[in-house]
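What follows is one structure encoded as structure tokens, with my remarks underneath.
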Amino acid sequence: MKKQTKIKQVHNNILDWFNQYARDFPWRHTKDPYKIMIAEFMLHRTRAEQVVPVYNEFTKKYPDVFALVCANSDDIRKVTEHLGLHWRSEHFIKSAKYIVEKHNGELPEDYKDLRKIPGIGEYIAGAILTVCFNKPTPVVDSNIARFINRFYGLNLKGEIRRKKEIVQKAKEIFNHDNPGQLLFAMVDFTALVCKPQKPNCDSCPLKFLCSLNKEQKIVEES
DNA sequence: AACGCGGGGGT
DNA sequence: ACCCCAGCGTT
């Protein structure tokens, strides 16, 4: 068997796992950056299953940024209100106006330009770059941060998401020829296996590489 | 670095 | 009764 780097094994094991256990969501069938942006606004601190019907209604009603920019703000609010975080409905309106005015309705492919769009932060910018434009970019949500902290035994505490060590590891992980698929795989893996509480270490495809597994150190040393 | 936002589902 | 969720903007 060919020797692989650790990061290659992480990629292979995660993607093999993903082939079998991937969740299916409507925004995973498009690379339209507008729709990815809409999905990510809705997924902000909100469960994916809860977003599905809202996303479907929203994208049917406002299929592109030009439809959205013409929309009535009360109508937008009605579609999105039962997602909670009510102030988010302003993001839909402000981002659409900004994209039409500054970018002629096209989402930019540049990180700094994406970050200037109202409501788009580090995570959403990274998600758009990886999923829509296939540009390797470190994408760190709270789940991926937790995974990195565990897997590499960093033992960081507090607000770890933006810490240098976490971002550096994320950079290595997302340096991949299909970073968008890797993001979806990481999201599902950290939601279903490497969960916040009671992770399913027994069925984990990375258990023999993980710092939580004490046997791993023996394997490495032998 | 830390906090508020928020309804809804899981445990 | 908690805890957590594909984060962002502000302090």
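Sequence lines set the chain letters: A, B, ... in the order given, protein chains first and strands last, and positions in each chain run from 1.
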Reckon A/Thr190 touches a base, only the sugar-phosphate, or nothing at all at heavy-atom distances under 4.0 Å?
nothing

Do the side-chain N or O atoms of A/Gln197 get closer than 4.0 angstrom to the phosphate oxygens (OP1, OP2) of C/dC4?
yes

Sequence neighbours left out, what passes side chain to side chain contact (heavy atoms under 4.5 Å, CB included) with [X]? Give chain and number order.
{"X": "A/Asn104", "answer": "none"}
{"X": "A/Arg161", "answer": "A/Val140, A/Ser142, A/Ala145"}
{"X": "A/Pro118", "answer": "A/Lys94, A/Tyr98"}

Determine which bases of DNA chain B form Watson-Crick or G-U wobble pairs with both distances under 3.5 Å, and write the result as a 5' to 3' dot-bracket string with | for other-strand partners.
|||||.|||||

Pick the [atom1] atom in [N] and in [M], then give their distance to the nearest Å.
{"N": "C/dA6", "M": "B/dT11", "atom1": "P", "answer": "13 Å"}
{"N": "C/dC4", "M": "B/dC3", "atom1": "P", "answer": "15 Å"}
{"N": "B/dG7", "M": "C/dT10", "atom1": "C1'", "answer": "22 Å"}
{"N": "B/dG6", "M": "C/dC2", "atom1": "C1'", "answer": "16 Å"}

Sub-3.5 Å pairs of nitrogen or oxygen atoms, protein against nucleotides 9-11 of chain C:
| residue | atom | partner | partner atom | Å |
| --- | --- | --- | --- | --- |
| C/dG9 | OP1 | A/Gly119 | N | 3.0 |

Look at the side chain of A/Arg28 and the base of C/dA6, then say whether one donor and one acceptor between them are separated by less than 3.5 Å.
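Yes.
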
Using whole Å, what does the distance between atom [atom2] of nucleotide [N] and atom [atom1] of [X] come to?
{"X": "A/Phe174", "N": "C/dA6", "atom1": "CZ", "atom2": "C1'", "value": "11 Å"}
{"X": "A/Arg146", "N": "C/dC3", "atom1": "CZ", "atom2": "P", "value": "16 Å"}
{"X": "A/Ile128", "N": "C/dG7", "atom1": "CD1", "atom2": "P", "value": "14 Å"}
{"X": "A/Met42", "N": "C/dC5", "atom1": "CE", "atom2": "C1'", "value": "16 Å"}
{"X": "A/Ile38", "N": "C/dA6", "atom1": "CD1", "atom2": "P", "value": "19 Å"}
{"X": "A/Asp188", "N": "C/dC5", "atom1": "CG", "atom2": "P", "value": "14 Å"}
{"X": "A/Ile173", "N": "C/dA6", "atom1": "CD1", "atom2": "C1'", "value": "16 Å"}
{"X": "A/Ile144", "N": "C/dC4", "atom1": "CD1", "atom2": "P", "value": "18 Å"}

Relative to each other, are the rings of A/Phe41 and A/His91 parallel, tilted or perpendicular (30° and 60° limits)?
tilted

Holding to side-chain hydrogen bond (donor to acceptor under 3.5 Å, both in side chains), I want the full list of residues that pass it with [X], two or more places apart in sequence or in another chain.
{"X": "A/Asn200", "result": "none"}
{"X": "A/Arg47", "result": "none"}
{"X": "A/Thr46", "result": "A/Arg88"}
{"X": "A/Asp188", "result": "A/Arg23, A/Arg28"}

Given B/dA1, C/dC4, C/dA6, the nucleotide with the shortest approach to the side chain of A/Ala48
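Among the listed nucleotides, the one closest to the side chain of A/Ala48 is C/dA6.
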
I need the full list of side chain to side chain donor-acceptor pair (under 3.5 Å) pairs touching residues 122-139 of chain A, with sequence neighbours left out, sorted by first then second residue.
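Residue pairs passing side chain to side chain donor-acceptor pair (under 3.5 Å), neighbours aside: none found.
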
Under the 4.5 Å side-chain heavy-atom rule for ILVMFWY, direct or indirect, which residues accompany A/Leu85?
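ILVMFWY cluster around A/Leu85 also holds A/Trp87.
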
Centres of the A/Phe184 and A/Phe25 rings: under 6.0 Å?
no

Verify the neighbour count for atom OH of A/Tyr21: are there more than 12 heavy atoms of other residues, nucleotides or ligands below 6.0 Å?
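It does not: A/Tyr21 OH has 12 such atoms or fewer within range.
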
If you pin A/Asn143 and A/Ile124 to their nearest nucleotides in DNA chain C, which one's is more 5'?
A/Asn143

Can you give one letter per nucleotide of nucleotides 4-10 of chain B, 5' to 3': B if a protein heavy atom sits under 4.0 Å from the base, S if only from the sugar-phosphate, - if neither?
-BBBBB-

